[in-house]
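These notes concern the structure reproduced below.
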There are 2 protein chains.
Amino acid sequence: MLTTERHEWIMGLLKQRQTVKIAELMEGTGASESTIRRDLTELEAMNLLERIHGGATIRDRNIQELSVSDKSVKNEQEKQRIAAHAAGLVEEGEFIFLDAGTTTFRMIPFLAGKETVVVTNGLTHVDALIDHGITTYLTGGCIKGKTRALVGPQATGALSEYRFDRCFLGANGFDPEYGYTTPDPEEAAVKKLAASLARRAYVVADHSKAGKVSFTKVLPLAGAALITDSLDGAMMDAVENETTVKVVTE
Amino acid sequence: MLTTERHEWIMGLLKQRQTVKIAELMEGTGASESTIRRDLTELEAMNLLERIHGGATIRDRNIQELSVSDKSVKNEQEKQRIAAHAAGLVEEGEFIFLDAGTTTFRMIPFLAGKETVVVTNGLTHVDALIDHGITTYLTGGCIKGKTRALVGPQATGALSEYRFDRCFLGANGFDPEYGYTTPDPEEAAVKKLAASLARRAYVVADHSKAGKVSFTKVLPLAGAALITDSLDGAMMDAVENETTVKVVTE
DNA sequence: TCATAATCGTTCACAAACAATCAAAAACAG
DNA sequence: CTGTTTTTGATTGTTTGTGAACGATTATGA
């Protein structure tokens, strides 16, 4: 077995199981303990994993979970329902802004055949939009690595040339006091601007975002209607006091 | 077994399995270790694979998909040479415009590690650029279905905010009389503008484009230097009379 | 806290893979 | 057919990856 092969094999197992033992790797690859140990040292140097006593683990579990692919399996059903409802609001011939993010992404199939024009800053959205025959415009800008969102002055500049009927945003957290929040200031700027350019703004976010507060404030709750899947009583009251809420149940 | 045959055989196996061992290749082709080793060195120089201790692996998956499509390895090699030469012109820290299109796409691996900033209107380029760690900006605009190029007033508007050190364009034809031509007027407008914003403009086009004339004129030959692989005598004279030509031979 | 066992990093010797060189064989041109 | 070029395979010494050994370090349970 080639060194590189072994490295890939290790990383593959690591992604499946989050942590691996050296004994497992020895058995799986047929290499000796020394070799595995060396491999782990190298992979750690490349920042691909973190060594722990007896094995290794994924370097940054948070980042791992935040990556688009993993996120998209989590709360899939809820997201589908939220997306379906949000897309249902869109009427024939409207001009829509679709934020980057997984929940807004799920809206795309439900938008098919509506003759809408969609502007998005989400690179990952483009393929799906085109495939569903939706006329699509992309904002320009710098590409943010993880989320594949287009941000920066080029993005906001391009955006400000448009006016929208509706604007659908994602958010990492919503909270009665702090409003809608997201980790990245540049993305927040785009969201904020998009909301201001639309007649109606919506935030789509599943219940796991309730009460979460992230680094940058996008809007106060009053700045956009919220579409979510389920809220407990106290949160529901607090949020409903600030903005329009649509709870999408089964 | 002919050298080229062997090369194709190697690339074929490589596409099936991701990585190959030298021993496998020796057995499969019947050639000696030295010969295989030479082959791998050459194929690596053409950027078709990456050598690793004990064998070789595919350099990047995008190029793999491209060469799978329908081009023979031999044709591929010529295009690779054009791309390699074009990218070789780029110096550390420069600002580059990279047009949508397959030949410009092939330049991307050769740009890696140059600390350049690339602006592109090619959606398909983005993934590869990011993968190679290149700072990338995307022009905005409407997405043209087939070529996935960003065009329209949004694209030209975004573009006009930039200035470039070098600009690399594709073209569907070049001709002494009609200049560089391309089928789509909107794409032509983007190309034209990009060229005007760059200190130096280049068109990359293989010999099959020589003498071809398409619907829309992008530039006269004098508007950009031409990088191509081989031209017959008459064409060479005619073209050289109009612009700088670099013929990339082996 | 101490003892024990598992895990760790380091070192060394060996085997595999490597680049470089050279001469023979094949392909080619005149 | 002869001289030249290209391709090939063997040989060389060098580099790199590997596995075993050993003492040092860390976890764990009495």
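Just so we're on the same page: letters track the sequence lines, and every chain starts at 1.
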Any salt bridge between [X] and [Y], counting N to O under 4.0 Å?
X        : Y        : value
A:Asp206 : A:Arg81  : no
A:Lys144 : A:Glu187 : yes
B:Lys21  : A:Glu5   : yes

Taking all heavy atoms of [X] and all of [Y], pick out the closest pair and write down the distance.
X        : Y        : result
A:Asp229 : A:Ile82  : N-CD1, 3.9 Å
B:Ile143 : A:Leu138 : CD1-CB, 4.5 Å
B:Lys191 : B:Leu169 : O-CD1, 3.7 Å

Report task. Answer with base, sugar-phosphate or nothing: what part of the nucleic acid does A:Ile36 contact at a heavy-atom distance below 4.0 Å? Result -> nothing

Report task. Give one of base, sugar-phosphate or nothing for B:Thr3, where a contact means two heavy atoms less than 4.0 Å apart. Result -> sugar-phosphate

Query raised in the report: Within the side chain of B:Arg17, is there an N or O that forms a donor-acceptor pair under 3.5 Å with the backbone of B:Leu13?
Result: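 Side chain of B:Arg17 to backbone of B:Leu13: no pair is present.
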
Report task. Verify, without hydrogens or angle tests, whether A:Thr104 (side chain) and A:Asp99 (backbone) share a donor-acceptor contact under 3.5 angstrom. Result -> yes

Once you round it to whole Å, what is the distance between [atom2] of [N] and [atom1] of [X]?
X       : N      : atom1 : atom2 : answer
A:Met1  : D:dT18 : CE    : P     : 11 Å
A:Glu5  : D:dT18 : CD    : P     : 11 Å
A:Ile52 : D:dT28 : CD1   : C1'   : 16 Å
A:Leu40 : D:dG17 : CG    : P     : 16 Å
A:Leu43 : D:dG17 : CG    : C1'   : 15 Å

**Report entry** 5'-most by nearest nucleotide on DNA chain D - A:Asp39 or B:Asp39
**Finding:**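 Per heavy-atom nearest nucleotide, the more 5' residue is B:Asp39.
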
Query - Span of DNA chain C in contact with chain A (heavy atoms, under 4.0 Å) - result: C:dT7 to C:dG9

Report task. Just say parallel, tilted or perpendicular for the rings of A:His125 and A:Phe105, cut-offs at 30° and 60°. Result -> perpendicular

Report task. Check the pair A:Asp175 / A:Thr181 against side-chain contact (heavy atoms from CB on, under 4.5 Å), numbers first and verdict last. Result -> CA-CA 8 Å; A:Asp175 182 274; A:Thr181 51; over 6 Å; no

Query - Inter-end axis angle, the helix from C:dT1-D:dA30 to C:dG30-D:dC1, with every axis fitted to five base pairs (rounded, 10 degrees) - result: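 Axis angle across the helix from C:dT1-D:dA30 to C:dG30-D:dC1, nearest 10°: 40°.
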
**Report entry** Position toward the 5' end of DNA chain C (nearest nucleotide), A:Arg37 or A:Leu2
**Finding:** A:Arg37

Anything under 3.5 Å between a protein N or O and an N or O of nucleotides 10-13 of chain D, put it in a table, one pair a line.
residue	atom	partner	partner atom	Å
D:dA10	N7	B:Ser34	OG	3.1
D:dA10	N6	B:Ser34	OG	3.3

Report task. Using the side-chain contact (heavy atoms from CB on, under 4.5 Å) rule, take B:Asp127 and A:Arg148 through it: C-alpha gap first, then chi angles, then the decisive distance, then the call. Result -> CA-CA 9 Å; B:Asp127 285 322; A:Arg148 288 285 160 100; 2.3 Å; yes

